[in-house]
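Just so it is clear, the model here is predicted, and its values are computed rather than measured. Atom set for the values below is all heavy atoms of this structure, side chains included, hydrogens, waters and symmetry mates excluded. In what follows, chains carry the letters A, B, and so on, assigned in the order in which the sequence lines appear, proteins first and then strands, with residues in each chain numbered from 1.
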Amino acid sequence: MPHPTNPTRGVIFRVACIAVAYFAYVAGITTLEGRAAADAVPPTDPAYAAGRRVWLDHACQTCHSIYGVGGHLGPDLTNVARPGNAGTVRATVANGKGAMPAFALSAEQFDALVAYLEAIDRTGVYPPTSLGDPVFGGMP
Amino acid sequence: MRLVEAPARPIRVEPLLPERERPRVSESEQPHARATARSRVLIVTPIACLLLALLFGLLAGLRTVIAPAATALLPLQILQPLHTLMSLSCIFSGIFALFVFAGEDVGARGIHASRRTFEVLLPAFIVLAAASIITGYGSGKEYLTWAPALTPLLVLLFVVGGVVFFRNAGAFARPAPEAAWLIGLGFVCMGFGLIEGNLCHVVSLVYARELSFEWHAIDIVVAGWNASLYGFGIIISAHAGKPLRAPWLYALAAFTFVSTFGHHHYMSPQPQTIKIIAVTASMLAGLSFVRHIRASRGLRLSPPTGPAGPFLVAAEVWTIFAIGSGILFAIPQVNLIIHGTYGIVAHSMGAMIGINAMLVLGGLAFYIGADPARARRVGVLVLVANAALLIMVLDLTFVGLVKGTLRLARPQIDFETIIWRELIPLPLFGTVLAVATVLICVELLRRDRGARRVPRAA
């Protein structure tokens with residue numbers, strides 16, 4: 001550690017150390033394995049990528065969250081596209097519900113959005129349904 | 001450049017160091033010893049952004065309460081990103097303004113060139129970013145809501161600031177070493193975070209990885225602006241001359257700085273190791289909490305004075321709240337209930353308005369100068385604004401706890417229809433907060449105009 005009476009060196013040294021720690025941490029994020037099902041979602045899958053584009057272009061996270069991250073006005077959508085629920089998703093998006101406006105998406109956009117949400121659904125369960133649930137999440 | 005006489009103000013340097021170790025500050029490096037006109041653009045920009053953030057926040061709050069009637073009139077998918085953009089723009093432009101003013105006071109090389117760069121590019125970025133959201137080209141993400149193509153412009157500003165800072169690290173460090181490394185760290189981390197947040201536009205990432213990068217980026221940007229603002233907080237308080245913190249405290253700060261972000265995602269599929277590190281880092285922040293509690297005793301015995309005094313008191317109180325609630329919410333069992341609710345919004349609202357906005361306004365008040373005749377008025381307005389904020393934060397926390405508890409039984413609950421009455425205090429007290437903040441800003445702008453009318457120096 002630089003001598004405390006040389007503040008210039010101390011300032012630069014301290015900033016540089018945290019910059020190194022930052023890169024080490026980012027490297028960690030890059031290499032550590034996540035939950036297997038989430039790591040299995042292929043980012044290059046055209047349907048997934050297109051669905052994600054629809055999600056971002058319409059700023060869905062303003063009102064909705066995934067894994068609790070996003071807006072809190074509407075329900076969390078982590079598991080909304082569970083098997084057998086795709087029709088409800090399409091109807092809600094197309095017609096609106098309560099305070100949610102209707103969105104005029106093309107058939108391709110609907111398919112892509114549902115594919116995106118189905119991929120998310122396969123990665124885990126949220127929100128917790130009891131205080132006894134695993135605190136770090138888990139699979140269905 | 002127009003030269004005016006700066007308002008006379010005594011400069012207090014707290015004797016934290018023995019006389020022989022105390023940094024030697026030349027007359028020209030002392031705050032306000034240089035007769036330099038403060039940039040009008042850099043003073044007005046953060047104030048305008050703050051007022052717009054309040055306006056959009058207020059409209060979003062109204063939209064929440066009268067939802068069905070206002071869906072088309074006040075589309076939340078535009079209001080909310082605009083509110084976020086203006087909040088962040090207030091903080092960013094506040095940091096650039098305080099950086100330029102602090103740099104001018106220490107006679108930093110290149111500070112005038114960076115001032116001109118900020119004066120032109122910063123408003124340009126804010127206008128273009130707002131236009132991108134209104135026209136539907138926003139990012140669709142949280143916090144970094146503008147069109148991703150505009151991010152390089154913002155990164156450029158941090159690069160310019162960072163280069164000027166490191167060219168003048170000695171000048172910044174001499175009067176306040178502890179403040180200097182925090183300011184420099186902030187510039188570096190905000191730049192890194194903005195780049196990391198846009199990584200997904202360059203490379204394809206699996207879902208868990210993308211989630212981790214997105215939120216680590218946001219946390220690093222937030223940690224960066226907090227570091228810079230606390231650095232300026234040291235400068236504008238009576239702690240000029242504060243030495244670097246002890247190495248072990250620094251190491252602890254560095255660890256928590258880069259790794260607490262995982263507590264946003266305990267339930268998500270991101271790597272388990274990240275979550276365990278995040279719990280550890282978040283609990284270690286308890287030490288910071290204890291230090292701030294101890295510091296608050298000193299605050300009661302000898303509250304900070306001067307034009308920034310009321311803002312500094314508010315920032316310190318909200319710091320205790322933010323660290324305390326952050327640690328509490330990071331406890332995994334508590335996180336199970338509170339995550340994904342308005343409780344988290346309460347935490348970030350308290351931090352962004354109570355700490356960040358107060359430090360920006362306090363910094364501007366410090367550099368604009370004092371008006372002793374109206375100091376009491378500003379003190380009362382700051383108190384009213386923070387009281388309204390406290391009520392909003394308590395309301396949001398309550399609503400968050402209700403939702404967190406209710407959803408245990410009904411996970412796919414349609415929350416809006418159940419809880420909207422409890423959200424009514426938001427626009428009501430949001431109006432009080434907005435009015436008090438507008439009046440504070442009017443006071444600052446009035447002082448600034450008055451300072452510019454002082455006859456030119458001989």
Closest heavy-atom pair and its distance - Val15(A), Gly184(B) = CG2-C, 4.2 Å
Part of Ser130(A) within contact of chain B (heavy atom distance under 4.5 Å) | backbone
Within the side chain of His339(B), is there an N or O that forms a donor-acceptor pair under 3.5 Å with the backbone of Tyr67(A)?
-> yes
Taking the side chain from Arg209(B) and the backbone from Thr31(A), do they hold a donor-acceptor pair closer than 3.5 Å?
-> no
Tightest non-hydrogen contact, residues Val11(A) and Ala180(B), listed as CG2-CB, 3.8 Å
Given that the side chain runs from C-beta out, which part of Ala179(B) has a heavy atom under 4.5 Å from chain A: side chain, backbone, both or neither?
-> neither
So do Ser139(B) and Leu56(A) actually touch side chain to side chain, heavy atoms under 4.5 Å?
-> no
Under a 4.5 Å heavy-atom cut-off, does chain A meet the side chain of Ile133(B), its backbone, both or neither?
-> neither
What distance do Arg407(B) atom CZ and Asp76(A) atom CG have between them, rounded to the nearest 0.5 Å?
-> 7.5 Å
Do you know which two heavy atoms are closest between Pro128(A) and Leu408(B), and how far apart they sit?
-> O-CD2, 3.7 Å
Taking the side chain as C-beta and beyond, is there a heavy-atom pair between Ile337(B) and Leu131(A) under 4.5 Å?
-> yes
Where His72(A) and Lys403(B) come nearest, the two heavy atoms and their spacing = O-NZ, 3.8 Å
Give the member of Ser65(A), Ala21(A), Ala59(A), Gly70(A) that has the highest number of heavy-atom pairs under 4.5 Å with chain B.
-> Gly70(A)
Between atom CD of Gln333(B) and atom CG of Asp133(A), what is the distance when rounded to the nearest 0.5 Å?
-> 11.5 Å
Decide if atom CZ of Phe103(A) counts as having more than 12 heavy atoms of other residues, nucleotides or ligands within a radius under 6.0 Å.
-> yes
Given that the side chain runs from C-beta out, which part of Ile183(B) has a heavy atom under 4.5 Å from chain A: side chain, backbone, both or neither?
-> neither
Taking Gln77(B) for the side chain and His58(A) for the main chain, is one N or O donor matched with an acceptor at less than 3.5 Å?
-> no
Indicate the ring-plane relationship of Tyr22(A) and His216(B), choosing parallel, tilted or perpendicular according to the 30° and 60° boundaries.
-> parallel
Bottom line for Tyr25(A): the part with an atom under 4.5 Å from chain B's heavy atoms is side chain
Tyr250(B) (side chain) donor-acceptor with Arg14(A) (main chain) under 3.5 angstrom = yes
Look up atom OG in Ser268(B) and atom CD1 in Ile66(A), then write down how far apart they are to the nearest 0.5 Å.
-> 11.5 Å
Do Gln80(B) side-chain atoms and Thr62(A) backbone N/O form a donor-acceptor pair below 3.5 Å?
-> no
For chain A, the option from Gly140(B), Gly136(B), Ala254(B) that forms the most heavy-atom pairs under 4.5 Å = Gly140(B)
Within-4.5 Å side-chain heavy-atom neighbours: Phe192(B) and Val26(A) = no
Checking Cys17(A) against chain B: side chain, backbone, both or neither under 4.5 Å from a heavy atom?
-> both
Grab the two heavy atoms, one from Gly170(B) and one from Thr8(A), that are nearest each other, plus how far apart they are.
-> CA-OG1, 3.2 Å
Max heavy-atom pair count under 4.5 Å with chain A, selected residue of Leu182(B), Thr341(B), Ile274(B), Thr273(B) = Thr341(B)
Beyond-backbone contact of Phe165(B) with Ile12(A), side-chain heavy atoms, under 4.5 angstrom | no
For Val135(A) and Met267(B) the tightest heavy-atom approach is O-SD, 3.6 Å
Below 4.5 Å, heavy atoms only, C-beta onward: do Leu336(B) and Phe136(A) meet side chain to side chain?
-> no
